[in-house]
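Working notes, beginning with the structure itself.
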Number of protein chains: 2
Amino acid sequence: MAKGQFLGEFEQVVLLAVARLEPTGYGATVRQEVEERTGRPVSVGALYATLDRLAAKGYVAVRPGPAEPERGGRPKRFLALKPAGVDALDASRHMLDRMWDGVELRRSASG
Amino acid sequence: MAKGQFLGEFEQVVLLAVARLEPTGYGATVRQEVEERTGRPVSVGALYATLDRLAAKGYVAVRPGPAEPERGGRPKRFLALKPAGVDALDASRHMLDRMWDGVELRRSASG
DNA sequence: TAGCAAACTCTACAAGATAGAGTTATAGTC
DNA sequence: GACTATAACTCTATCTTGTAGAGTTTGCTA
């Protein structure tokens, strides 16, 4: 095993969006959520690749939704956090908290 | 440009250790700091590779230290955060803060 | 100059991040 | 029922990060 121990940077962001949007969040809304909250552009490929990895690791559950009466469109795949996903987020956060604890950043210009 | 926009997971951790230890931190102490604070084993290769990338991006400054009268050993390379590194840490933190904001994690077992 | 110790370099590869064109599953229209 | 519009997702390819650990270098001590 090379790593597998920790959430990657983007994995963490995506997992948090899933947490926020569950149980009705799905690929497209998760993507939108991340873009809105972070101002960061997210390509479709990046999003789904990450979601797949997260699912493979047992962090998110995927539940196929029914067709909806809107105006065409493929059925959604609803996403939810699994217990292991909760633990992973928790662990990542605590690790960062410990690293940040007591660190004071001098502002680059004009303090 | 493929990414380059954000700090990777381990980059962030290492950069924080540099911040905490500067201006006298160097490879070996940064490694030790990360291991102690996070409980995560850090291989020498992983550490220096990451440090190199961080330096290449202009996030950390490397200052060769003088030989020290201890008991042999190669001269240290002291590390310090550059302004861009401060900004990068700041940006990463704010992005995560926005993602975490308001998220409540249900504990896996026993609340 | 041999031996030892600390600190760092190198090489190779696995895992994660990214992009965007292309595909698929519906629903509406005629 | 064929055709078209849509939303959502799949695929392939490539670049960046993360990881390991053996090996090298520098300089002290004997």
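Below, read A as the first sequence line, B as the second, and so on, with proteins coming before strands; counting in each chain starts at 1.
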* Structure fact -> Result for 5'-nearest mapping on DNA chain D, choosing between A:G73 and A:V44, is A:G73
* **B:T50 side chain, from C-beta outward: closest of C:dT26, C:dG16, D:dG18** => D:dG18
* Asked: In whole angstroms, how far is the P atom of C:dA21 from the OH atom of A:Y48?
  -> 17 Å
* B:R31 CZ to D:dG21 P, straight-line distance once rounded to whole Å -> 10 Å
* To do: Taking only the side-chain nitrogens and oxygens of A:R40, find out if one of them lies under 4.0 Å from OP1 or OP2 of C:dA17.
  => no
* Structure fact -> Between A:R40 and the options A:E35, A:E9, A:E33, the salt bridge (charged side-chain N to carboxylate O under 4.0 Å, His left out) test singles out A:E9
* To do: Look at the side-chain N and O atoms of A:S43 and state whether any lies under 4.0 Å from the OP1 or OP2 oxygen of C:dA19.
  => yes
* Asked: What is the distance from CD of A:E9 to C1' of D:dG18, rounded to the nearest Å?
  -> 14 Å
* Structure fact -> Assert: residue with more 5' nearest nucleotide on DNA chain C, out of A:A49 and B:Y26, is B:Y26
* To do: Could you check whether B:R77 gets within reach of a base, just the sugar-phosphate, or nothing at all, counting any heavy atom under 4.0 Å?
  => sugar-phosphate
* Asked: Which heavy-atom pair separates A:A46 from A:F10 by the least distance, and what is that distance?
  -> O-CE2, 3.7 Å
* Base, sugar-phosphate alone, or nothing: which one does A:G45 contact when heavy atoms must sit under 4.0 Å apart? -> base
* To do: Could you tell me the separation between the OH atom of A:Y59 and the C1' atom of C:dA15, rounded to a whole number of Å?
  => 13 Å
* To do: State whether A:E11 and A:R53 are salt-bridged, where the test is any N-O pair (Lys NZ or Arg NE/NH1/NH2 against Asp/Glu carboxylate O) under 4.0 Å.
  => yes
* Interatomic distance, B:D52 CG vs D:dT16 P [rounded to whole Å] -> 16 Å
* Asked: Rounding to a whole Å, what distance do you find between B:L54:CG and D:dT16:C1'?
  -> 13 Å
* Between the side chain of A:R20 and the main-chain N/O of B:M99, is any donor-acceptor distance below 3.5 Å? -> yes
* A:R37 side chain to B:R98 main-chain N or O, any donor-acceptor pair under 3.5 Å? -> yes
* Asked: Rounded to the nearest Å, what distance is computed from the CZ atom of residue A:R53 to the C1' atom of nucleotide D:dT16?
  -> 12 Å
* B:K76 NZ - C:dC8 P separation (whole Å) -> 8 Å
* Asked: Do A:R74 and C:dA27 share a donor-acceptor pair, side chain to base, under 3.5 Å?
  -> no
